[in-house]
Amino acid sequence: PRRVSRIIERARESAKEKKTPRAADADIAALPPVNAHYKIQGILFGALTLFLLVSLLTYQGDDASSLSDQGATQNIAGVVGAMLASVLLRFFGVVAYLFPLLTLLISIDRFQPTPRAASYGNLAGVSLSVLCLCGLFSLPTLGAATEFSPGGFLGAALASLLLGYL
């Protein structure tokens with residue numbers, strides 16, 4: 001009984017010590033510091049997110065999509081944004097709107113105290129998801145004479161290849 005009371009007494013004392021502000025400061029100090037290069041990567045991925053989002057949202061089909069075109073670009077991100085949006089939308093279709101979301105998630109991850117290491121499994125999973133979404137969005141318009149495929153070129157090619165297996 002005496003030993004049990006000592007254990008209970010020590011547990012109460014340690015609980016009181018943990019509630020002090022010094023213990024909270026010690027917990028914060030125990031966290032690993034965020035390296036400067038992770039913060040720089042987070043800022044760069046954040047800027048890329050904004051650039052992609054502005055490029056895709058202000059895309060006009062009649063924008064100058066190559067350097068040889070002399071027409072005025074209506075895209076807010078300029079000629080580079082118009083070209084990037086054109087390539088992304090033609091290749092991936094509406095799935096291209098996921099790329100700003102992906103870069104935003106990477107940017108947020110870079111600001112975490114311990115950023116996750118990118119693995120080949122994560123990259124493969126995201127790539128397969130994008131590929132499957134492109135194919136899925138291309139199925140309704142497959143074979144129709146449309147200027148723009150919702151799944152882009154990648155989705156149309158994948159859907160026509162796999163249509164025989166349905």
Side-chain angles (χ1 to χ4, degrees), residues 27-166:
D27 289 342
I28 292 172
L31 290 174
V34 178
N35 294 334
H37 69 277
Y38 286 140
K39 288 183 180 180
I40 292 171
Q41 288 175 359
I43 292 169
L44 290 176
F45 274 109
L48 180 63
T49 298
L50 289 175
F51 184 72
L52 283 173
L53 192 62
V54 166
S55 298
L56 290 169
L57 290 178
T58 61
Y59 173 73
Q60 298 290 324
D62 57 346
D63 270 348
S65 61
S66 69
L67 295 176
S68 63
D69 291 339
Q70 298 297 324
T73 304
Q74 298 173 358
N75 197 314
I76 294 175
V79 176
V80 175
M83 288 174 29
L84 180 65
S86 176
V87 167
L88 286 175
L89 287 171
R90 291 184 191 280
F91 196 71
F92 295 104
V94 294
V95 180
Y97 288 102
L98 286 179
F99 288 109
L101 177 66
L102 292 173
T103 57
L104 176 66
L105 292 175
I106 293 171
S107 175
I108 291 171
D109 180 58
R110 295 286 106 181
F111 285 109
Q112 299 300 317
T114 54
R116 298 178 187 168
S119 67
Y120 292 115
N122 292 343
L123 182 63
V126 169
S127 300
L128 284 174
S129 297
V130 167
L131 187 69
C132 290
L133 282 172
C134 287
L136 185 66
F137 285 144
S138 288
L139 284 176
T141 60
L142 193 63
T146 60
E147 179 182 338
F148 176 75
S149 172
F153 170 74
L154 183 66
L158 181 68
S160 65
L161 177 72
L162 297 176
L163 192 61
Y165 295 107
L166 288 179

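Side chains are part of it too, since the values below use all heavy atoms of this structure and drop only hydrogens, waters and symmetry mates.
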Carefully, step by step, assess L123 and S127 under the rule side-chain contact (heavy atoms from CB on, under 4.5 Å).
CA-CA 6 Å; L123 182 63; S127 300; 4.2 Å; yes

Report yes if the side chains of [X] and [Y] come closer than 4.5 Å at any heavy-atom pair, otherwise no.
X    : Y    : answer
L104 : P100 : no
V95  : L98  : yes
D109 : L105 : no

Checking A77 now: which residues fulfil side chain to side chain contact (heavy atoms under 4.5 Å, CB included) with it, not counting sequence neighbours?
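Once residues adjacent in sequence are excluded, the partners of A77 under the side chain to side chain contact (heavy atoms under 4.5 Å, CB included) criterion are F51, V54, S55, N75.
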
ring-ring contact (aromatic ring centres under 6.0 Å, His included) with F92: which residues, sequence neighbours excluded?
F99

To the nearest 0.5 Å, tell me how far [X] [atom1] sits from [Y] [atom2].
X    : Y    : atom1 : atom2 : result
L133 : S129 : CG    : OG    : 6.5 Å
L139 : L158 : CG    : CG    : 8.5 Å
C132 : L162 : SG    : CG    : 9.0 Å
I108 : T103 : CD1   : OG1   : 10.0 Å
L56  : L89  : CG    : CG    : 5.5 Å
R110 : Q112 : CZ    : CD    : 10.0 Å

Partner set under side chain to side chain donor-acceptor pair (under 3.5 Å) for S107, not counting sequence neighbours
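Side chain to side chain donor-acceptor pair (under 3.5 Å) check on S107 returns nothing, list empty.
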
Does S86 use its side chain to pair, donor to acceptor, with the backbone of A82 at less than 3.5 Å?
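Looks like no, no N/O pair under 3.5 Å.
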
Can you list the steps and then say if K39 with F111 is a side-chain contact (heavy atoms from CB on, under 4.5 Å)?
CA-CA 6 Å; K39 288 183 180 180; F111 285 109; 4.2 Å; yes

Verdict with reasoning, Y97 to L88, per side-chain contact (heavy atoms from CB on, under 4.5 Å):
CA-CA 9 Å; Y97 288 102; L88 286 175; over 6 Å; no

Minimum heavy-atom separation for G155 to S138, with atom names?
C-OG, 3.1 Å

